[in-house]
Amino acid sequence: TVQFAKPVSTTGKLSSLNVNGAEVLKADQFYYTVYGDYTPQSITWTAEDGDLAKVDSIYDGNKRTATVVVNEGQNNTHTYSVKFAKNQLQ
């Protein structure tokens, strides 16, 4: 009997991160501030490893921050945070 292991994500990173229709992803940057309000459709992403990576997103209304976690496993997990500021003074 031969059993093949399932392929897994090797990077645990995003290849694109869009907020309100604009690409914000920059190499090796994991925290972003945008101006405006959050909606469930505000953030879209593409994982570098496509469907092999597990991607979860949560929004904290008190902090006005969305968190996107790309998880390959213990060694390749990256967290991206997007702060939705009301204006430039906030």
Side-chain angles (χ1 to χ4, degrees):
T1 302
V2 176
Q3 183 175 2
F4 295 95
K6 290 182 178 180
V8 295
S9 170
T10 57
T11 67
K13 290 185 179 181
L14 296 178
S15 61
S16 110
L17 179 63
N18 288 283
V19 180
N20 294 328
E23 177 66 46
V24 298
L25 187 66
K26 295 181 180 158
D28 298 320
Q29 183 174 335
F30 299 96
Y31 187 86
Y32 305 90
T33 299
V34 298
Y35 301 101
D37 292 320
Y38 170 85
T39 67
Q41 297 78 31
S42 292
I43 299 178
T44 59
W45 59 81
T46 303
E48 282 186 0
D49 295 320
D51 293 339
L52 299 179
K54 182 177 184 240
V55 183
D56 293 308
S57 174
I58 59 168
Y59 178 71
D60 182 333
N62 292 328
K63 294 181 180 179
R64 294 181 57 90
T65 301
T67 304
V68 179
V69 178
V70 184
N71 191 343
E72 176 278 324
Q74 218 172 24
N75 297 325
N76 290 323
T77 297
H78 292 86
T79 301
Y80 300 81
S81 297
V82 180
K83 168 74 174 173
F84 287 82
K86 287 187 178 184
N87 58 49
Q88 293 183 3
L89 300 177
Q90 189 180 33

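Side-chain atoms are counted along with the backbone in the values below, which use heavy atoms only and exclude waters and symmetry mates.
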Heavy-atom pair with the smallest gap, counting every atom of Gly12 and His78: O-ND1, 2.8 Å

Residues in side-chain contact (heavy atoms from CB on, under 4.5 Å) contact with Gln29, at least two apart in sequence or another chain: Lys26, Tyr32

ILVMFWY network linking Val19 to Trp45, side-chain heavy atoms under 4.5 angstrom: yes

Closest contact, heavy atoms only, Leu25 versus Leu14: CD2-O, 3.5 Å

Heavy-atom check, side chain of Asp56 versus side chain of Asn71, under 4.5 Å: no

Side-chain (Ser15) to main-chain (Thr46) donor-acceptor, under 3.5 angstrom: yes

Taking every non-hydrogen atom, the tightest pair across Lys63 and Asp60: N-OD1, 3.1 Å

Connected via hydrophobic side-chain network under 4.5 Å: Val68 and Val24: yes

side-chain contact (heavy atoms from CB on, under 4.5 Å), paired with Lys13, selected from Asp28, Thr77, Val70, Asp49: Asp28

Listed partners of Ser42 passing side-chain hydrogen bond (donor to acceptor under 3.5 Å, both in side chains), at least two apart: Asn20, Thr39

Contacts of Tyr59 that satisfy side-chain contact (heavy atoms from CB on, under 4.5 Å) - sequence neighbours left out: Tyr38, Arg64, Ala66, Phe84

